[in-house]
Amino acid sequence: MRLFKIIVTACFLVMTGNAFAQQMALTGNRNSFAPDEQFAIEYSGAQKGDCILLYHNVSLLPLKQRGMVTEETGAFNPVGLQPGDYKAVLVGADGVGKMQIFFSVGNYNLPAGKRIVVISDPHVMAPELVENPSNAVYQRVMSQDRKLMPYSYELFSACLDSVRALKPDLLLIVGDMTKDGERASNELVSMCLQQLADEGIPSLVIPGNHDMENIGAIRFTTDSYQKAETIGEEEFEAIYQNFGWGVASERDPFSLTYACDLFSGVRFIGIDDCMTPSRGYTRVGDAEYGKVNPNTIDWVLSQADRAKEEGKVVIAAIHHQMLNHYVGQERLMASAATEKGDSIARLFADHGIHVVLTGHMHTPNASRIKGWETENVITEISCASTVTYPVQFRILTLSDDLSTLSVDTRYLRSTANLPDVQQAARDKVESTLSKSISDLVPRYMATFNQMLAAFASEPAFAAVIDDVPQDPEELSAIMEMAFSETMKKVLFTLSEGNEQLKDAQENIFSQLKNDCALACELMFDQQTPDTRAFLAMSMYYYMLENGETLLKSMLSDTSYMGTDLADQTDDLYLKVSLRDNGAGIISTSVDEGSAPCEVYGINGIRLGSDVRRLPHGIYIIRQGAKTHKVIL
């Protein structure tokens, strides 16, 4: 394999009383490489103790892989870099960057087989919904949204252009096609997909929580706003009739869930987990959450069983995530996963569903979990949004023998009005960080007060706690000043995926300790330095006690950390097996042994200890140390 070199020549003119004169030159054949090519970063004029850090795309944290400098002149050979743009920075022992260069690693070659492009959460806002972009109300609403909403249609169109260039066998959109379920936006998306179909590329869609009966649907007038026309379930089905609910599909009678054959030997099940007012979910905030009707679960399992009998593999999709991708996700972001999602996913695995595609959280995650009573594994492939950092789409390739599914991730780089999409998307999220903190402080005020109560139990510090502001706005300002940089790093690292490749844990925990010191300095400015130092350490250790596992799980990309289900999977480039690892997934009777019997519905709800009076269906039975499923 040829060795290509990036030669970094650094000239330091060290003269007493004069400034450093530094130069850096990039030479060699080129500054872009294939994923498997070897290359070297050569340097001179460096000092022992310096190191070369690598940053992927616009990440705030470097990769763990780094080049340590032991001589003034030398070379660093990065290995196994995944596709993307890179920045290499020569950093001194004091942590200050001395120079930097840029290079890129190209995309992997796609394997042979049937190809599916997956897009999630495009949140298209039809241009006709904005009469005057200078409208102050419109400007304010857009400034508070972490999404690149003014460019949503442009970004969606750019993604479709990428689809055209790839010429896949299918485009799949896993929900949240629109900003807030506006009829105009849904009709625009449908029109774009029909144009794609006319060019020979079919599409399938499933509904997301933003697509129907959404109270946020508005039209921006010349100087104000008004409610925009939205759509219900029947209208949604009619608008997307050609993209999932046609004559070749089978429809679940309890929801918009449907099933159809994608290709010979491949069954697709698109699952509807929307919580809409017409389905009885009328509380404020219900629409953000996902829940699958128990009858729909039965229907999905029967479809999977029939597909297996027919020798077909199954690909499923649902809008909300099913698995918890880090410990504590259900507390920190309760609306991320559909209700009882991991329990349902384990049922899917037992019934031969080995892959489920999801969206909603706008992050590229991949996690695996085993079935309840088989060694079958289901892999959740969660897709990023096209309007939120890091603006990606997925390419899935089915092997010709249908045994594996290869997953590739591509970034949208530029559009007509966004020459650097990645930077613009990251900047947009960063600009809304203040609002995110302001939203979090009231939500966690009770937890914060609990921490203060623990401090106040020490008599010497009881009066000190009175210095803490109880006004949420004042407290938010302090939290933003103290913790915003750490929050940015955590948020962007989580959004980028493959957290385990970055030098995240040591960086974040070290910075968190400094953040606590700054927060206590701002809150307890009337106290002595020793008192503030004690309170800062107390705050830090309290945070570790309540959040260390969460952060370690998140920053190491380990789902279900600390359990026998713990998993760390490449979020961006992976291969999934579509074949069973075990056999025999369903019992047809309950063991009549002496162990007590506990009966659960497949949604995880305990139903009692006797199966004899239950209606026909599938149930989870626990007897002693054994867990199995029965059909009644």
Student: Search all heavy atoms of Asp580 against all heavy atoms of Gly352 and return the closest pair with its distance.
Tutor: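 Residues Asp580 and Gly352, closest heavy atoms: OD1-CA, 3.6 Å.
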
Student: Rounded to the nearest 0.5 Å, what separates atom CG in Leu574 from atom CD1 in Ile381?
Tutor: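 Nearest 0.5 Å value for the CG-CD1 distance: 5.5 Å.
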
Student: Answer with yes or no after comparing the ring centroid distance for Phe103 and Phe39 against a 6.0 Å cut-off, counting only values under it.
Tutor: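 Centroid distance Phe103-Phe39: below 6.0 Å, so yes.
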
Student: Could you give me the CA-CA distance, side-chain angles and deciding distance for Asn498 and Gln82, then say whether side chain to side chain contact (heavy atoms under 4.5 Å, CB included) is met?
Tutor: CA-CA 10 Å; Asn498 278 352; Gln82 294 186 332; 3.0 Å; yes

Student: Please give me the minimum heavy-atom distance between Glu182 and Ala217, naming the atom from each residue.
Tutor: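 Smallest heavy-atom distance, with atoms named: CG-CB, 3.9 Å.
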
Student: Identify the two heavy atoms, one from Tyr108 and one from Arg410, that lie closest to each other, and give their separation to 0.1 Å.
Tutor: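 Closest approach of Tyr108 to Arg410, heavy atoms only: O-NH2, 3.4 Å.
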
Student: If you apply the rule salt bridge (charged side-chain N to carboxylate O under 4.0 Å, His left out), what do you find for Asp305 with Lys308, and how did you get there?
Tutor: CA-CA 5 Å; Asp305 291 343; Lys308 187 173 182 178; over 6 Å; no

Student: Could you pull out all residues at least two apart from Lys179 that satisfy salt bridge (charged side-chain N to carboxylate O under 4.0 Å, His left out)?
Tutor: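 Lys179 satisfies salt bridge (charged side-chain N to carboxylate O under 4.0 Å, His left out) with no residue once adjacent residues are dropped.
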
Student: How about Glu234: does its CD atom have over 12 heavy atoms from other parts shown lying under 6.0 Å from it?
Tutor: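 For Glu234, atom CD is not crowded (no more than 12 foreign heavy atoms under 6.0 Å).
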
Student: So, Asp121 side chain and His362 main chain: donor-acceptor pair closer than 3.5 Å or not?
Tutor: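 No: the side chain of Asp121 does not pair with the backbone of His362.
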
Student: For the pair Ser406 (side chain) and Lys575 (backbone), establish whether a donor and an acceptor sit closer than 3.5 Å, ignoring hydrogens and angles.
Tutor: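 Between the backbone of Lys575 and the side chain of Ser406 there is no qualifying donor-acceptor contact (under 3.5 Å).
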
Student: Looking only at atom types and distance, does a side-chain atom of Ser152 sit under 3.5 Å from a main-chain N or O of Met149, one as donor and one as acceptor?
Tutor: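 It does hold such a pair.
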
Student: Parallel under 30°, tilted from 30 to 60°, perpendicular over 60°: which one fits the rings of Phe236 and Tyr240?
Tutor: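 Plane angle between 30° and 60°, so tilted.
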
Student: Looking only at atom types and distance, does a side-chain atom of Glu330 sit under 3.5 Å from a main-chain N or O of Asn324, one as donor and one as acceptor?
Tutor: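 No: the side chain of Glu330 does not pair with the backbone of Asn324.
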
Student: Of the non-hydrogen atoms in Leu412 and Gln422, which two are nearest, and what is the gap between them?
Tutor: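 Looking at all heavy atoms of both residues, the shortest contact is O-NE2, 3.1 Å.
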
Student: So how far is it from Ile206 CD1 to Ser120 OG, rounded to the nearest 0.5 Å?
Tutor: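 With rounding to 0.5 Å, CD1 (Ile206) is 8.0 Å from OG (Ser120).
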
Student: Check whether Glu288 reaches the backbone of Ser335 with its side chain - one donor and one acceptor, N or O, closer than 3.5 Å.
Tutor: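 Such a contact is absent between Glu288 side chain and Ser335 backbone.
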
Student: Please report the interatomic distance OH(Tyr86) to OG(Ser32), rounded to the nearest 0.5 Å.
Tutor: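 Spacing of OH (Tyr86) from OG (Ser32) equals 13.5 Å.
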
Student: Test: salt bridge (charged side-chain N to carboxylate O under 4.0 Å, His left out). Region: residues 254-270. Which pairs qualify, not counting sequence neighbours?
Tutor: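 Every pair satisfying salt bridge (charged side-chain N to carboxylate O under 4.0 Å, His left out) with a residue in residues 254-270: Glu250-Arg267, Asp261-Arg267, Asp261-Lys312.
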
Student: Kindly compute the distance separating CD1 (Ile297) from CG (Asp252), expressed to the nearest 0.5 Å.
Tutor: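 Rounded to the nearest 0.5 Å, the CD1-CG separation comes to 10.5 Å.
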
Student: So does Ser367 get a backbone contact from the side chain of Asp567, meaning a donor-acceptor N/O pair under 3.5 Å?
Tutor: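 Pair absent, no side-chain N/O of Asp567 close to backbone of Ser367.
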
Student: When you look at Arg279 and Glu213, which way does the salt bridge (charged side-chain N to carboxylate O under 4.0 Å, His left out) test go after all the steps?
Tutor: CA-CA 10 Å; Arg279 295 174 180 175; Glu213 302 180 40; over 6 Å; no

Student: Would you indicate whether Asn109, at its atom CG, is surrounded by more than 12 heavy atoms from other residues, nucleotides or ligands within a distance under 6.0 Å?
Tutor: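 Atom CG in Asn109 is not crowded, with 12 or fewer foreign heavy atoms closer than 6.0 Å.
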
Student: Would you compute the distance between atom NE2 of His325 and atom CG of Leu494 and round it to the nearest 0.5 angstrom?
Tutor: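 Interatomic distance, His325 NE2 to Leu494 CG, rounded to 0.5 Å: 10.0 Å.
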
Student: Apply the test side-chain hydrogen bond (donor to acceptor under 3.5 Å, both in side chains) to residues Asp211 and Thr178: give CA-CA distance (whole Å), side-chain angles for both, the deciding distance (0.1 Å), then the verdict.
Tutor: CA-CA 6 Å; Asp211 293 327; Thr178 63; 3.0 Å; yes

